[in-house]
A.B. asks: 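Right, I'll just put the structure down here and ask away after.
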Amino acid sequence: MRLPSSTLVALSLVSHAHSKNSTLLNPILPGFHPDPSCISVPEPPYNHTFFCASSSFSLFPGIPLHASKDLVNWRLISNALARPEQLPALALTNKSTSGIWAPTLRHHAGVFYILTTLVFDDQPQTNLSRWDNFLLSTTDPFNSSSWSQPIHFNFTGYDTSPFWNPQDNTTYVTGSHPWELQPGITLAPLNLTTGAIGPLTNIWNGTGGLAPEGPHLYFHPPHYYLMIAEGGTGVNHMETIARAPHPNGPYTPNPSNPILTQANTTSYFQTVGHADLFQDARGQWWGCALSTRSGPEYAVYPMGRETVLAPVTWETGGWPVWSNVSGHVSSWPLPAQNVITEGEGPLITAAELLDFAPGTRLPPQLVHWRLPIADNYVVSPPNHAHTLQLTASVLNLTGLDGNYAGPAGQTFVGRRQVDTFFTYSVDLDFSDLREEGDEAGVSLFLTQNHHFDLGVVLLPAPNTNLSTQYPSSSPPAPPLTPHLRLRGISYLPVPPALTIPLSTFFNQTLPHPSKTLTLQIKASNTTHYALSAGPPGHEHLLQTVGWTPAAAVSFGFTGTLCGVFATTNGRVVNGSAPSALRAWVGGWRYEGQGQVRS
Ligand SMILES: *[C@@H]1O[C@H](CO)[C@@H](O)[C@H](O)[C@H]1NC(C)=O
Ligand SMILES: *[C@@H]1O[C@H](CO)[C@@H](O)[C@H](O)[C@H]1NC(C)=O
Ligand SMILES: *[C@@H]1O[C@H](CO)[C@@H](O)[C@H](O)[C@H]1NC(C)=O
Ligand SMILES: *[C@@H]1O[C@H](CO)[C@@H](O)[C@H](O)[C@H]1NC(C)=O
Ligand SMILES: *[C@@H]1O[C@H](CO)[C@@H](O)[C@H](O)[C@H]1NC(C)=O
Ligand SMILES: *[C@@H]1O[C@H](CO)[C@@H](O)[C@H](O)[C@H]1NC(C)=O
Ligand SMILES: *[C@@H]1O[C@H](CO)[C@@H](O)[C@H](O)[C@H]1NC(C)=O
Ligand SMILES: *[C@@H]1O[C@H](CO)[C@@H](O)[C@H](O)[C@H]1NC(C)=O
Ligand SMILES: *[C@@H]1O[C@H](CO)[C@@H](O)[C@H](O)[C@H]1NC(C)=O
Ligand SMILES: *[C@@H]1O[C@H](CO)[C@@H](O)[C@H](O)[C@H]1NC(C)=O
Ligand SMILES: *[C@@H]1O[C@H](CO)[C@@H](O)[C@H](O)[C@H]1NC(C)=O
Ligand SMILES: *[C@@H]1O[C@H](CO)[C@@H](O)[C@H](O)[C@H]1NC(C)=O
């Protein structure tokens with residue numbers, strides 16, 4: 001980050017000499033929480049509660065909302081996109097870079113608004129159908145079901161963000177114009193009730209970096225400030241700013257741009273950008289942004305783009321000055337510790353133990369890849385209390401072509417990896433596998449083209465030399481027997497698939513599990529995951545099946561999930577999945593065991 005020496009002096013003058021600095025730990029929203037937009041809501045009943053929304057791409061439920069009173073403890077309070085009928089087209093996204101991009105969260109006159117874009121990233125940039133912009137609203141952000149149906153509006157582009165001009169009460173939308181057209185930031189009046197949009201004005205093109213995007217407008221009297229991201233969301237990412245006497249311009253860029261970047265640094269926190277600004281109860285400014293814990297090598301970052309926070313100085317008539325983003329930031333005093341209790345989900349780094357009790361539903365931190373087929377997920381079914389019953393999809397986690405699955409979907413439910421080191425395990429009842437290729441198991445999933453699966457799959461027993469026993473007739477088909485299979489797919493080379501009959505794998509821990517198995521994914525060091533299996537209830541008897549490289553699940557826009565899947569690997573009966581193939585998952589555990597912050 002470059003700061004002119006004059007601003008450095010100003011910064012040190014205002015650094016609250018009377019109160020002790022705090023140490024802020026980043027990321028504040030670890031794991032797959034990119035493109036953050038955060039606000040502080042001073043009004044009762046929120047009393048300076050902080051709220052953040054982040055991108056969810058093809059996940060459902062989508063657009064998670066986290067809240068905090070102290071900027072340290074963040075709770076998942078709702079998902080703004082929690083009903084399939086809000087966005088049926090989310091079932092049809094093609095490519096892992098499609099889906100929900102960059103929600104902007106704002107609170108105005110008692111209402112919470114989210115503006116965002118459903119992007120069909122397989123379409124050419126110039127195709128108007130590529131960009132489905134819409135807004136959601138609620139007066140109760142702690143309740144997923146309170147979020148409205150979308151109001152769609154016609155904006156050719158993405159990263160839309162609302163702005164209420166307090167000087168004339170006009171409501172605007174700013175957004176990014178696609179880069180294959182004329183890249184730049186556009187502004188238009190927008191009616192938030194009807195979605196009617198006024199004439200588009202190209203207000204700023206940024207400082208010349210790739211893909212000017214993620215615009216947010218602020219009125220910090222006497223100026224209007226337009227802060228944007230440039231450089232693309234990789235290691236050249238940066239945040240720049242310009243200001244104007246009116247939202248329409250003309251905009252004067254900050255001579256000190258970029259105001260935030262880790263480009264060309266050796267920081268562990270790279271790709272910093274796509275930022276937002278807000279003020280706490282003391283009037284101190286803060287900025288959130290996305291960042292990737294990758295170091296400049298930018299090769300191992302399975303959790304993808306996470307949300308970070310930094311103190312910002314912004315004096316009247318001046319420019320916002322960001323502190324450097326790192327794992328341990330010396331910051332303004334943080335608000336007093338205060339753990340928020342409202343909302344539907346857990347604190348973001350809470351250990352998780354799910355026993356799928358009768359009468360419960362899947363908690364809001366569990367996600368599907370695209371819209372789920374609801375019947376494929378039954379909590380605590382008859383005869384299998386305290387399990388989650390999965391009904392297999394025909395498609396496995398790679399799906400049709402690694403990019404698409406179609407409306408029949410993929411049976412998968414997972415949660416975000418939010419710790420550098422963690423252990424995730426489930427007890428899997430695989431007794432319903434029937435035909436060759438039927439499979440259920442755990443997955444470390446980044447995209448359809450990047451995942452490692454440890455499953456139990458039904459395959460013919462190893463060759464028992466039947467042909468010599470039956471020399472004159474065709475041999476009977478070898479019996480099917482459950483095998484452990486660890487296989488993966490990535491754009492990088494992956495270890496060869498490992499397939500081994502359960503009876504062979506467990507030769508040292510007899511009796512080998514015949515019905516239920518514990519399957520575990522563990523990030524045991526920063527570069528590899530260990531995938532293990534063993535008899536349930538005996539963690540010390542788990543044996544490692546194999547190690548998979550974290551670099552092979554470091555790619556693109558999403559972040560890793562740990563979850564469970566069930567598939568017939570393509571086997572169809574009368575054109576669809578054999579309806580009865582099920583697997584039962586119990587004892588779902590996720591526990592963080594440490595963060596690497598530098
Ligand atoms: C906010 O403050 C009001 C008035 O002091 C109080 O009644 C209310 O319980 C507070 N709400 C929260 C969420 O702290
Ligand atoms: C997905 O998009 C690709 C272009 O990126 C296209 O070739 C393919 O046909 C699409 N698949 C489906 C099923 O629409
Ligand atoms: C534009 O996108 C729509 C919706 O995905 C698609 O049906 C149409 O074929 C696309 N048009 C072109 C010219 O690519
Ligand atoms: C959407 O806006 C574009 C201009 O930005 C215009 O060309 C197009 O006709 C509009 N579409 C509709 C359905 O109004
Ligand atoms: C803007 O709207 C508010 C609330 O409706 C009103 O009090 C205020 O006078 C309006 N300001 C202007 C400049 O119109
Ligand atoms: C939005 O449109 C509706 C319907 O045309 C109108 O009644 C309302 O006044 C508009 N709102 C604003 C802020 O212009
Ligand atoms: C953005 O770039 C285009 C193409 O160079 C130019 O026509 C337009 O005036 C620029 N917009 C602004 C606000 O400078
Ligand atoms: C990083 O360094 C490259 C090469 O010198 C330069 O082109 C680029 O502008 C720098 N990026 C930033 C944000 O300073
Ligand atoms: C206290 O925090 C502010 C804001 O990050 C920073 O500018 C200042 O240097 C810090 N002071 C110390 C003594 O670390
Ligand atoms: C026992 O299983 C391991 C693999 O888990 C295998 O390498 C070994 O050969 C097996 N031993 C016997 C006696 O089958
Ligand atoms: C992590 O563990 C794997 C498997 O044991 C090993 O190959 C790799 O070198 C280890 N990496 C580090 C950074 O220790
Ligand atoms: C997925 O299933 C297809 C058949 O639908 C199969 O060809 C492919 O090998 C499977 N692979 C993986 C890694 O899931």
Side-chain angles (χ1 to χ4, degrees), residues 1-4 57-58 87-101 117-134 152 154-158 178 180-181 205-214 227-242 253-267 269-275 289-292 294-298 310 321-322 324-325 369-371 393-410 447-450 491 555-557 570:
M1 191 173 117
R2 306 157 183 166
L3 300 180
F57 294 86
S58 285
L87 210 57
L90 191 61
L92 304 173
T93 55
N94 177 347
K95 289 177 77 175
S96 64
T97 51
S98 290
I100 296 293
W101 285 20
T117 319
L118 174 60
V119 180
F120 297 92
D121 210 26
D122 58 315
Q123 297 299 332
Q125 306 273 348
T126 47
N127 188 340
L128 296 187
S129 304
R130 177 186 169 97
W131 317 102
D132 178 3
N133 280 280
F134 63 93
H152 298 265
N154 178 14
F155 184 90
T156 303
Y158 60 102
E180 270 179 18
L181 298 168
N205 292 332
T207 64
L210 183 75
E213 60 190 13
M227 189 172 74
I228 71 168
E230 296 184 50
T233 196
V235 289
N236 292 321
H237 211 196
M238 58 183 171
E239 203 65 17
T240 59
I241 194 163
N254 182 351
S256 306
N257 280 327
I259 55 170
L260 175 69
T261 188
Q262 302 281 41
N264 305 321
T265 70
T266 58
S267 175
F269 287 75
Q270 291 284 322
T271 75
V272 174
H274 201 112
L290 75 78
S291 176
T292 311
S294 62
E297 305 79 20
Y298 198 48
V321 178
W322 287 69
N324 204 21
V325 169
W369 189 247
R370 305 196 185 88
L371 299 183
S393 51
V394 169
L395 295 177
N396 56 31
L397 291 179
T398 304
L400 282 177
D401 55 0
N403 290 319
Y404 189 72
Q410 296 160 295
T447 77
Q448 285 171 240
N449 283 311
H450 303 80
Y491 293 164
F555 164 84
F557 290 176

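Residue indices begin at 1 and follow the sequence shown. Note that ligands are numbered from 1 as they come in the structure, with each ligand's atoms numbered from 1 the same way.
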A.B. asks: Checking a contact table here: which protein heavy atom is nearest atom 2 (O) of ligand 3, and how many Å away?
C.D. replies: N127 ND2, 2.4 Å
A.B. asks: Considering only heavy atoms of S129, which atoms of ligand 3 have at least one such atom less than 4.0 Å away?
C.D. replies: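 Listed by number with element, the hits are 1 (C), 2 (O), 3 (C), 4 (C).
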A.B. asks: Looking only at distance, does N264 have an N or O less than 3.5 Å from an N or O of ligand 8?
C.D. replies: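 By distance alone, the answer is yes.
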A.B. asks: I'd like to check whether K95 has a polar contact with ligand 2, where a contact means an N/O of the residue lying under 3.5 Å from an N/O of the ligand.
C.D. replies: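 Min N/O separation from ligand 2 is not below 3.5 Å for K95.
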A.B. asks: Can you check whether a protein heavy atom sits less than 4.0 angstrom from atom 7 (O) of ligand 3?
C.D. replies: no
A.B. asks: I'd like to check which ligand 8 atoms, numbered from 1 as shown, lie under 4.0 Å from a non-hydrogen atom of A263.
C.D. replies: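 Answer, ordered by atom number: 11 (N), 12 (C), 13 (C).
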A.B. asks: Is there a donor-acceptor contact under 3.5 Å from the side chain of Q410 to the main chain of L397?
C.D. replies: yes
A.B. asks: Which residue owns the protein heavy atom closest to atom 5 (O) of ligand 2, what's the atom, and how far is it?
C.D. replies: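 Protein heavy atom at minimum distance: D122 CB, 3.7 Å.
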A.B. asks: In terms of ring plane angle, is the pair F557 and W101 parallel, tilted or perpendicular, where the classes change at 30° and 60°?
C.D. replies: perpendicular
A.B. asks: Hey, can you tell me if Y491 and F555 have their rings parallel, tilted or perpendicular (30° and 60° cut-offs)?
C.D. replies: perpendicular
A.B. asks: Under 3.5 Å, side chain of S291 to main-chain N/O of Q270, donor-acceptor pair present?
C.D. replies: yes
A.B. asks: Output the distance between atom CG (N403) and atom CG (N94), rounded to the nearest 0.5 Å.
C.D. replies: 5.5 Å
A.B. asks: Nearest 0.5 Å, please: how far is CG in L260 from NE2 in H237?
C.D. replies: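 Answer rounded to 0.5 Å: 9.0 Å.
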A.B. asks: What is the closest protein heavy atom to atom 13 (C) of ligand 2, and at what distance does it sit?
C.D. replies: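 Nearest protein contact, heavy atoms only, for atom 13 (C) of ligand 2 is Y404 CD2, 3.1 Å.
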A.B. asks: Tell me whether N257 contacts the main-chain N or O of I241 through its side chain, where contact means a donor paired with an acceptor under 3.5 Å.
C.D. replies: yes
A.B. asks: What is the closest protein heavy atom to atom 10 (C) of ligand 2, and at what distance does it sit?
C.D. replies: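 Protein heavy atom at minimum distance: N94 ND2, 2.4 Å.
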